[in-house]
Amino acid sequence: MICFSGLSQSRRRIFYHISRNMSKFYVRNVENDRSLQITFEYSHTSGEKILSRVYNASRPKSEIIDNTLTRISQNISKFISKKLKRKLKADGESSLSEINIKVYKNDGITTLEENTSTEDAFQHGNVVAIENSKFIVDINAPCCNAIVLPQTVMIGFQICPNVEIEFASLEDSLFVWEKLKYDTSAKMGQKDITQVPKERVELSKSLTFTPTNDEIGYRLALTMTPRLGDREGKPMTVECKYDVTAGPDLCPFEQRHLYTQKETGSGELRVVSYNILADVYANQEFSRNVLFNYCPPYALDISYRKHLMIKELKGYKGDIICLQECDYKVFIYDFVPVFELLGFQGLMREKGGVREGSAIFFRMSKFRLVEEHSTLLKDFMETDKSCQDLVKQTYAVPALKEMLETRSTIIHVAALEPVDRPGQILLVANTHLYFHPDFAHVRLIQTITSMRFINKLFQQYKKQKPCLVFCGDFNSTPTRGVYEFMTTKSIKEDHDAWRSGGEDQFVAGMNFSHTFNIGSGCGLPAYTNYTNGFNGHLDYVFYDTDAFEVSQVIPQPDHKDVEFHTAIPSIVFPSDHLAQICDLRWKNPSHL
């Protein structure tokens with residue numbers, strides 16, 4: 001709100017006039033930054049030619065305002081002189097004369113005192129005059145720095161833009177979706193940026209939008225006007241690069257959604273564990289030409305697959321979602337915007353050396369984050385006292401020591417407090433063990449290390465009576481040792497898994513145990529990973545049987561659907577793994 005009480009009647013009229021008609025001179029002033037970021041659009045008229053440009057400048061807050069204005073003037077003159085080079089040469093001039101710039105106080109008349117600093121000069125409401133143009137200074141105006149839309153847009157798949165805003169809120173901001181029709185002679189994705197659409201139709205005023213059949217062949221555009229309360233910033237418009245397409249028919253995961261039409265009620269939680277196939281692996285020549293050569297290239301592209309992932313995960317209505325092989329960019333630009341709108345908080349930890357890793361989302365109406373924990377398993381094994389016996393036995397074998405030291409496997413744990421069980425701690429653990437089929441012994445060692453890390457957290461939260469849900473791609477079928485260790489509490493030295501790496505990595509006397517009562521929340525399906533060269537049960541939702549009982553297991557997709565396109569991923573399955581989903585019910589309060 002602008003207060004006029006200190007101004008004369010004539011000055012009020014002057015200020016009212018200029019504040020309504022002048023443009024904005026945007027200044028970003030952050031407390032810990034020594035410089036001001038300045039943005040404004042200025043148009044210079046020379047004969048019939050109008051030269052417009054958005055100017056950006058960064059100037060020290062302590063700099064004398066006259067020096068700042070001189071630098072801005074020089075930048076404007078330099079740009080205009082370059083554009084008018086021929087005309088100036090014809091007139092016998094080498095450059096444009098100096099651009100006159102002044103700053104006034106917020107009445108638009110009073111000049112500033114000498115040696116005023118740039119920060120003091122550019123106060124909210126002050127007036128900047130550039131030749132005959134006037135601008136009102138707007139400090140920390142609501143701003144949209146970037147809007148990212150997906151490359152692939154398909155009917156029936158919701159678009160949730162990734163919006164980067166500053167000094168604004170999504171709730172207050174305005175959104176307008178439009179569909180644009182360009183001349184068909186312009187090639188898709190290669191449209192001249194100066195081309196004007198021949199048709200423009202408004203579609204929606206919501207943050208998200210789901211295209212329908214009516215949008216096929218059109219290109220979508222989103223205009224966002226950033227706002228915070230009554231303050232409003234400069235609108236930003238972005239267009240999708242490609243036209244809306246039909247997309248796949250009914251996906252098999254939509255049949256699974258029939259079992260998850262409602263969110264879980266009080267006393268229950270739905271857990272989803274899913275290896276979503278990181279783009280860093282899918283987008284490789286070997287993957288395209290050998291491993292997944294049955295999958296069309298467009299369906300293997302992350303711009304296509306992420307639409308299916310989001311629709312699939314949303315439909316499960318989970319309370320806890322554990323993802324493996326989650327690309328950092330997909331997490332930041334796709335999953336976080338979508339799931340924050342659905343009331344989730346997301347956490348992510350990358351593996352060592354690659355930009356993919358573990359992601360955990362939890363529904364904030366059911367849980368509160370207490371603390372997040374993660375570690376490289378090799379680091380924990382080498383440094384924690386609880387693993388001294390494990391290190392002593394395994395590192396005595398050089399080949400095995402080298403193998404364990406070069407693994408980048410992590411365990412990622414969210415310590416959550418259930419809203420309806422205050423004071424208790426639920427530890428949600430997530431991991432993705434070493435993949436090589438000949439190294440079951442390595443996965444066993446990683447599992448043993450994981451359980452010791454979890455046990456240490458149990459001791460840390462002992463007073464809060466902790467319980468456990470442990471999800472992941474364990475890369476181990478039920479006969480390969482990990483499942484036996486987890487569900488029977490021990491693994492013996494005579495298990496076949498210990499010899500999987502050959503004699504040069506074999507260690508005698510490997511007997512290990514843990515104290516947790518663990519069950520497999522989704523039972524033992526025939527497979528959770530299905531490719532042309534392998535299928536097997538690798539993914540698990542392990543749970544604390546002292547705290548929970550299973551109330552529902554979401555059925556696997558029909559096998560005929562999985563193999564309809566040879567294997568997965570395919571045009572209707574976004575990953576080579578299947579999501580594992582189950583509902584857990586808290587046991588009676590005596591567990592507390």
Side-chain angles (χ1 to χ4, degrees), residues 271 273 322 373 375 377 380-381 384-394 404 409 411-413 415 424-434 439-462 464-500 507-525 528 537-550 553 580 582 584-587 590-591:
V271 183
S273 183
C322 292
H373 307 269
T375 185
L377 291 179
F380 181 75
M381 190 174 76
D384 195 82
K385 292 181 179 180
S386 67
C387 294
Q388 285 182 347
D389 59 332
L390 195 57
V391 171
K392 183 178 180 180
Q393 287 180 267
T394 58
L404 295 172
T409 306
I411 183 168
H412 181 202
V413 182
Q424 188 169 9
I425 291 292
L426 170 63
L427 295 178
V428 178
N430 192 21
T431 194
H432 182 191
L433 302 186
Y434 184 49
F439 292 92
H441 64 303
V442 172
R443 287 185 287 279
L444 259 177
I445 294 168
Q446 290 179 334
T447 304
I448 294 164
T449 306
S450 296
M451 294 305 290
R452 292 188 177 184
F453 181 75
I454 290 169
N455 184 65
K456 186 171 184 177
L457 294 179
F458 260 65
Q459 299 307 312
Q460 177 179 330
Y461 296 107
K462 187 175 182 179
Q464 289 101 322
K465 299 292 193 297
C467 53
L468 174 68
V469 170
F470 191 3
C471 298
D473 176 359
F474 290 80
N475 269 313
S476 182
T477 59
T479 62
R480 298 289 279 168
V482 168
Y483 177 80
E484 180 177 328
F485 175 73
M486 290 295 293
T487 57
T488 70
K489 300 186 179 183
S490 66
I491 192 77
K492 303 300 182 185
E493 62 179 305
D494 59 354
H495 196 285
D496 292 342
W498 292 125
R499 294 189 177 274
S500 61
V507 181
M510 296 286 277
N511 293 293
F512 295 97
S513 62
H514 65 81
T515 60
F516 296 86
N517 293 315
I518 299 293
S520 177
C522 297
L524 296 175
T528 63
H537 181 188
L538 305 179
D539 306 87
Y540 301 84
V541 176
F542 290 120
Y543 71 100
D544 186 340
T545 60
D546 290 333
F548 300 104
E549 57 187 6
V550 178
V553 177
Q580 299 303 291
C582 65
L584 301 177
R585 181 184 296 120
W586 292 92
K587 290 188 174 179
S590 64
H591 177 67

Under 3.5 Å donor-acceptor, T528 side chain and H537 backbone: no
Counting only N and O atoms by type, is there a donor-acceptor contact under 3.5 Å from the side chain of S490 to the main-chain atoms of F512? no
Is there a donor-acceptor contact under 3.5 Å from the side chain of H373 to the main chain of A415? no
So which of Y543, F458, F470 actually passes ring-ring contact (aromatic ring centres under 6.0 Å, His included) with F516? F458
Short question: side chain of Q393, backbone of G509 - any donor-acceptor pair under 3.5 Å? yes
So that I can tick it off, tell me whether R499 and D494 are bridged by a salt bridge, with the cut-off set at under 4.0 angstrom between side-chain N and carboxylate O. no
Distance only, no hydrogens: is a donor on one side chain within 3.5 Å (strictly under) of an acceptor on the other, for H432 and D473? yes
Looking at every non-hydrogen atom in both residues, tell me the closest pair between C467 and Q424 and how far apart they are. SG-NE2, 3.8 Å
Decide whether T409 and Q446 meet the rule of one side-chain donor and one side-chain acceptor closer than 3.5 Å. yes
Is there a donor-acceptor contact under 3.5 Å from the side chain of R443 to the main chain of Y434? yes
Quick check against the 3.5 Å criterion: does W586 have a side-chain atom that pairs as donor or acceptor with the backbone of E549? no
Without swapping roles, check the side chain of N475 against the backbone of L433 for a donor-acceptor pair under 3.5 Å. yes
Is there a donor-acceptor pair under 3.5 Å between the side chain of H514 and the backbone N or O of F485? yes
Between F542 and Y540, how do the two ring planes meet: parallel, tilted or perpendicular, split at 30° and 60°? parallel
Side-chain (K456) to main-chain (S386) donor-acceptor, under 3.5 angstrom: no
Quick check for you: to the nearest 0.5 Å, what is the distance between N517 atom CG and K489 atom NZ? 3.5 Å
S500 and H441: side-chain donor and acceptor closer than 3.5 Å? yes
